[in-house]
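Every chain is numbered from 1, with letters handed out A, B, ... down the list of sequences.
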Number of protein chains: 2
Amino acid sequence: MRMSTKAQYAVRAMVNLNLYSDGSPVTLRDISLRESISLTYLEQLFVKLRRGDIVKSVRGPGGGYLLARPAKEIQVDEIIDSVEESLVPVSCMDQKRGCVCDDRCVTHNVWHGLAERIRDFLSSITLEELTLEAKGMPGKSKTNS
Amino acid sequence: MRMSTKAQYAVRAMVNLNLYSDGSPVTLRDISLRESISLTYLEQLFVKLRRGDIVKSVRGPGGGYLLARPAKEIQVDEIIDSVEESLVPVSCMDQKRGCVCDDRCVTHNVWHGLAERIRDFLSSITLEELTLEAKGMPGKSKTNS
DNA sequence: ATAATAATTGACAGTTTTAGTCGGGTATGT
DNA sequence: ACATACCCGACTAAAACTGTCAATTATTAT
Ligand code: FES
Ligand code: FES
């Protein structure tokens, strides 16, 4: 039951991007240096984040990445979805309309309920909240405990 | 973010064990046949379940496994813990007293909060509830939705 | 005692997933 | 033209997962 480092990196990179964004594009090289994540690996992640409508890219010199939407409208679960990390704990209920639970699935409700809790929690946190928290000014949110 | 099949098997096996238990020990061979899980793999799991004080073993002919405690006192998270599947989504906060969050961990609260939700949910479900549900008589519990 | 039963244990191998690299391409501003 | 920076797919090494095998020990029935 581990969140892959891919997902962890994606969230960290997004917070960092938002933190150092002043309206002009932020390069992956900067994020790479600040977060100690391999540049080529970051590129891989940002291709997916762009496709997931989390960021948009600006090519050429002076280019880089910008948020595709206001930070307030970007939820953590969307970031993780974008880099193709499933948030569902069992493979049988991946994307299809519920899993084909014939009869022998006594544990179905356990995994289904768990998936729901995970999704609910991660969708309740926005990139803006994380960024404010990183700045040392906790917003109105209550992330844990 | 996947629950390993090891953990899934362990929970299924425990429900099955409790379901067909009439006071005398249940053999792994029976569980193996009913749940279509390799006997040798089950053996591996039950060694750990015994160490985790979930079941107790009776050796020799007529032997098998029994619950170490009443089903009402066995929670799903304990079963998963026993087979050594971590319920914490990030490795840095594995068992030690919180992780060494120096300064650059802007996502700490996300994973910590997530771990808490997962633990809370799985500890709220007992083996007894699952067994009753499997019998088609939902207890007083509300597992999901 | 002896044989049959069933748990116990450690080592091992095949497969899949993860994490990350590499090499080349494409668009754009100066 | 040229440097910058994104874009993309193939590739690989390492780890984890899933499961098997062989050998042993403890207990009970005969
Ligand atoms: S088929 Fe997915 S839990 Fe039953
Ligand atoms: S060290 Fe674990 S989240 Fe910071």
Side-chain angles (χ1 to χ4, degrees), chain A residues 1-13 17 21 24-33 35-52 54-68 80 82-92 94, chain B residues 1-13 17 24-33 35-52 54-68 80 82-86 88-92 94:
Chain A
M1 203 61 183
R2 279 284 157 76
M3 189 64 71
S4 69
T5 64
K6 181 156 60 170
Q8 296 179 42
Y9 283 169
V11 178
R12 270 174 56 205
L17 168 59
S21 176
S24 55
V26 177
T27 69
L28 293 189
R29 216 174 78 82
D30 288 346
I31 297 176
S32 166
L33 292 174
E35 290 287 336
S36 303
I37 304 173
S38 148
L39 173 61
T40 49
Y41 198 36
L42 271 183
E43 287 175 345
Q44 213 179 95
L45 296 180
F46 273 74
V47 167
K48 290 173 180 168
L49 289 171
R50 187 173 53 82
R51 287 183 188 142
I54 306 292
V55 297
K56 58 188 172 190
S57 64
V58 179
R59 303 175 78 140
Y65 285 94
L66 293 169
L67 295 188
I80 296 173
S82 295
V83 296
E84 287 158 10
E85 165 81 0
S86 174
L87 285 178
V88 171
V90 290
S91 57
C92 64
D94 237 343
Chain B
M1 201 64 181
R2 280 284 156 76
M3 190 64 70
S4 70
T5 64
K6 181 157 60 171
Q8 296 179 42
Y9 283 168
V11 178
R12 270 173 56 204
L17 167 60
S24 55
V26 178
T27 68
L28 292 189
R29 216 174 77 81
D30 289 346
I31 297 177
S32 166
L33 293 173
E35 290 286 337
S36 304
I37 303 174
S38 150
L39 173 60
T40 48
Y41 198 37
L42 273 182
E43 286 174 344
Q44 216 179 94
L45 296 179
F46 272 74
V47 167
K48 290 173 180 168
L49 289 171
R50 186 175 56 80
R51 288 185 186 141
I54 306 294
V55 297
K56 57 189 173 191
S57 63
V58 179
R59 302 175 76 139
Y65 285 93
L66 293 169
L67 295 187
I80 296 174
S82 294
V83 294
E84 288 160 7
E85 165 79 3
S86 172
V88 172
V90 289
S91 58
C92 63
D94 237 343

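Note: CG (B:L66) to P (C:dA7) measures 11 Å, nearest angstrom. Between the CG atom of A:L49 and the P atom of D:dC8 there is a distance of 13 Å, given to the nearest Å. Taking atom CE of A:M1 as the reference point, atom C1' of C:dT18 lies 17 Å away to the nearest angstrom. In this entry the distance linking CD of B:Q44 with P of C:dC12 reads 15 Å, nearest Å. In this structure, A:K48 places its NZ atom 11 Å from C1' of D:dC8, rounding to the nearest Å. The distance from atom CZ of A:R2 to atom C1' of D:dC17 is 14 Å, rounded to the nearest whole Å. When the C1' atom of D:dT4 is taken as reference, atom CG of A:L39 falls 12 Å away, rounded to whole Å. The CG atom of B:L42 sits 15 Å away from the P atom of C:dA6 (whole-angstrom rounding).
Between B:Y9 and B:Y41, the ring planes lie perpendicular to each other; the angle is over 60°, past the 30° to 60° tilted range.
Between the side chain of B:R50 and the backbone N or O of B:S57, no donor-acceptor pair lies under 3.5 Å.
Counting only heavy atoms from C-beta on, B:R59 has its side chain closest to C:dT8 among C:dA11, C:dT26, C:dT8. Taking the side chain of A:V47 as heavy atoms from C-beta on, and the options D:dT20, D:dC8, C:dG20, the nearest nucleotide is D:dC8. When each of D:dT18, C:dT21, C:dA19 is scored by its nearest atom to the side-chain atoms of A:S38, the top-ranked nucleotide is C:dT21.
Between D:dT4 and A:T27, no contact under 4.0 Å exists linking OP1 or OP2 to a side-chain N or O. For D:dC8, the OP1/OP2 oxygens have a side-chain nitrogen or oxygen of A:R51 closer than 4.0 Å. Between A:T5 and C:dT18 there is no side-chain polar atom (N or O) within less than 4.0 angstrom of OP1 or OP2. Neither OP1 nor OP2 of C:dA6 sits under 4.0 Å from any side-chain N or O of B:R50. At the phosphate of C:dA7, neither OP1 nor OP2 sits under 4.0 Å from any side-chain N or O atom of B:S57. Distances shown here put a side-chain N or O of B:Y9 below 4.0 Å from the OP1 or OP2 atom of D:dG19. Side-chain N/O atoms of A:Y41 include none lying less than 4.0 angstrom from OP1 or OP2 on D:dC8.
Comparing B:V26 and A:E43 along DNA chain C, the residue whose closest nucleotide (by nearest heavy atom) sits nearer the 5' end is B:V26. Nearest-nucleotide assignment on DNA chain D puts the 5′-proximal partner with A:G62, out of A:T40 and A:G62.
Considering every non-hydrogen atom in both A:S82 and A:G52, the closest pair reads OG-CA, 3.7 Å. Heavy-atom minimum distance, A:V83 versus A:K48: CA-CD, 4.1 Å. Taking both residues in full, the closest heavy atoms of B:S38 and B:S32 are given as C-OG, 4.2 Å, listed atom of the first, atom of the second, then distance.
With rounding to the nearest 0.5 Å, the separation of CZ in A:R2 from OG in B:S86 is 4.0 Å. Taken to the nearest 0.5 Å, the OG atom of B:S4 stands 8.5 Å off from the CD1 atom of B:I80.
Heavy atoms of A:R29 sit nowhere under 4.0 angstrom from any nucleic acid atom. Looking at heavy-atom distances under 4.0 Å, B:Y65 makes contact with sugar-phosphate atoms alone, never a base.
Taken over five-pair windows at either terminus, the axes of the helix from C:dA1-D:dT30 to C:dT30-D:dA1 are inclined to one another by 10° (rounded to 10 degrees).
Paired with B:V47 under the rule side-chain contact (heavy atoms from CB on, under 4.5 Å), one option of B:Q44, B:R51, B:E43 passes, and it is B:R51.
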